[in-house]
Amino acid sequence: MPHEVKLGRVRLVGAGPGAADLLTVRALRAIEGAQALLYDALVSEEVLALAPAACLKIQTGKRAGRTSMSQDTINRLMLRLARRGLEVVRLKGGDPSVFGRVGEEAAYLHGHGVETEVVPGVTAASAAAAQFGFPLTHRGAARRLLIATATTEDSGLTEGGWAAAADPQTTLALYMGRDRLAAAAQSLIGQGRSPATPALAVENAGRPDARAIPGVLGDLGSALADAQPRGPVVLIVGEVTAQASVASRPATSAQPQQLAELIPLAH
């Protein structure tokens with residue numbers, strides 16, 4: 001009788017904004033125990049270095065405007081590796097539940113009898129706020145946080161949903177809108193958001209090379225065009241961004257070899 005291989009498990013893990021010391025302890029343990037690692041383009045080398053030397057590492061891409069592995073191929077690859085009995089980590093930038101297609105991947109794996117676990121991570125809006133010294137909600141200024149994307153599946157600008165962000169008491173965190181920022185701003189203004197609303201575009205939020213580009217909603221598109229960012233950008237719109245300290249220099253993150261010292265219970 002042939003030996004039956006026990007199905008492996010797939011962990012859908014948030015790598016956070018890039019710095020290894022912003023990983024959760026659970027994410028660190030998952031990466032250190034991975035036998036196969038499928039990672040997105042935005043996952044930093046610092047985080048990838050935490051995986052075992054013998055771990056199979058496969059880059060899946062998944063970055064706007066660049067060639068990447070199709071979602072169907074990623075799904076089938078995760079299933080194939082799990083059927084080999086491997087501990088598989090699907091590593092995503094930020095939090096896997098925030099525009100990370102975690103629902104699609106978990107549903108596919110569950111449909112094929114594979115156990116999954118979702119491990120949350122620090123999302124870009126939270127990293128940007130912490131790094132540049134402003135809150136996402138604030139008494140009397142922002143009573144709600146709206147996380148949205150500016151682009152559709154085919155990279156066009158979304159047509160609806162802008163009215164929900166028009167309330168001046170709403171902080172809007174707009175993801176995947178770097179190349180559509182000016183058009184997104186006009187959509188917000190068209191729904192009644194004041195063009196004088198403070199706004200902040202943050203490139204590479206949470207990383208040592210993060211850059212904050214301040215302005216107001218009406219002119220942030222041109223400011224971003226002048227800055228020519230190449231990394232991922234999160235746009236934060238709302239009165240709270242007036243509190244941002246754009247002169248703050250982000251602290252250097254811990255190197256991978258130092259992480260075990262910071263989190264001694266991780267082993």
Side-chain angles (χ1 to χ4, degrees), residues 14 16-18 22 42 62 64 92-104 118 120-206 210-221 223-224 229 231-246:
L22 285 179
L42 294 177
K62 308 306 293 178
K92 302 166 178 287
D95 181 277
S97 294
V98 180
F99 306 119
R101 296 191 175 182
V102 69
E104 298 174 40
V118 177
V122 175
T123 192
S126 298
Q131 196 167 27
F132 291 100
F134 65 94
L136 291 171
T137 62
H138 190 67
R139 187 178 301 180
R143 58 185 176 183
R144 67 178 63 84
L145 169 66
L146 175 61
I147 295 177
T149 177
T151 55
T152 60
E153 193 170 331
D154 60 0
S155 298
L157 185 72
T158 56
E159 294 182 1
W162 298 105
D167 184 348
Q169 287 271 325
T170 295
T171 300
L172 171 65
L174 198 63
Y175 286 56
M176 298 178 286
R178 184 189 67 192
D179 301 327
R180 298 285 185 275
L181 197 153
Q186 288 308 306
S187 293
L188 284 169
I189 292 168
Q191 289 294 332
R193 197 85 193 234
S194 170
T197 303
L200 191 72
V202 180
E203 179 186 14
N204 293 325
R211 177 169 56 148
I213 302 157
V216 295
L217 184 60
D219 66 14
L220 194 60
L224 193 67
V233 171
V234 58
L235 170 67
I236 314 290
V237 178
E239 297 298 329
V240 292
T241 64
Q243 301 180 39
S245 176
V246 295

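Worth saying up front: this structure is predicted, and the values here are computed from it rather than measured.
Counting heavy atoms from C-beta on, the side chains of L22 and P17 come closer than 4.5 Å. Residues L181 and L235 form a side-chain contact, since some pair of their non-hydrogen atoms from C-beta on lies under 4.5 Å apart. Taking 4.5 Å as the limit, some side-chain heavy atom of P229 sits within range of a side-chain heavy atom of R178.
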Quiz prompt | V240 vs T137, side-chain contact (heavy atoms from CB on, under 4.5 Å): CA-CA, chis, key distance, verdict | solution = CA-CA 7 Å; V240 292; T137 62; over 6 Å; no

Quiz prompt | Steps toward side-chain contact (heavy atoms from CB on, under 4.5 Å) verdict (I236, T171) | solution = CA-CA 7 Å; I236 314 290; T171 300; 3.8 Å; yes

Practice problem: Apply the test side-chain contact (heavy atoms from CB on, under 4.5 Å) to residues F132 and T241: give CA-CA distance (whole Å), side-chain angles for both, the deciding distance (0.1 Å), then the verdict. | Solution: CA-CA 9 Å; F132 291 100; T241 64; over 6 Å; no

Practice problem: Let me see the working for I147 and V98 under side-chain contact (heavy atoms from CB on, under 4.5 Å), right down to the final yes or no. | Solution: CA-CA 8 Å; I147 295 177; V98 180; 3.9 Å; yes

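Between the T170 side chain and the A166 main chain, no donor and acceptor come within less than 3.5 Å of each other.
When all heavy atoms of P195 and I189 are compared, the closest pair comes out as CB-CD1, 3.8 Å. Considering all non-hydrogen atoms of both residues, P96 and G14 come closest at CD-CA, 3.4 Å. Nearest heavy-atom pair across S194 and T197 is O-OG1, 2.7 Å. In terms of heavy-atom proximity, Q191 sits nearest to A163 at OE1-CB, 3.4 Å.
Note that CG of N204 and CG of L42 are 8.5 Å apart. Values are rounded to the nearest 0.5 Å. For the atom pair OG (S245) and CD (Q131), the distance works out to 11.0 Å, reported to the nearest 0.5 Å. Here CG of L200 is found 12.0 Å from CD of Q243. Values are rounded to the nearest 0.5 Å.
Applying the salt bridge (Lys or Arg N to Asp or Glu O under 4.0 Å) rule to D167 yields the partners R143, R144; only residues at least two apart in sequence or on another chain are considered. In this structure A223 satisfies the side chain to side chain contact (heavy atoms under 4.5 Å, CB included) test together with I213, L220, sequence neighbours excluded. Applying the side chain to side chain contact (heavy atoms under 4.5 Å, CB included) rule to A165 yields the partners L146, L172, L188; only residues at least two apart in sequence or on another chain are considered. Judged as a side chain to side chain contact (heavy atoms under 4.5 Å, CB included), and not counting sequence neighbours, the contacts of A141 are H138, E239.
Identified under the salt bridge (Lys or Arg N to Asp or Glu O under 4.0 Å) test for residues 182-206, with sequence neighbours left out: E203-R211.
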Please output the side-chain donor-acceptor pairs of residues 121-130 that fall under 3.5 Å, not counting sequence neighbours, one pair per line with the distance.
{"residue": "T123", "atom": "OG1", "partner": "Y175", "partner atom": "OH", "Å": "2.6"}

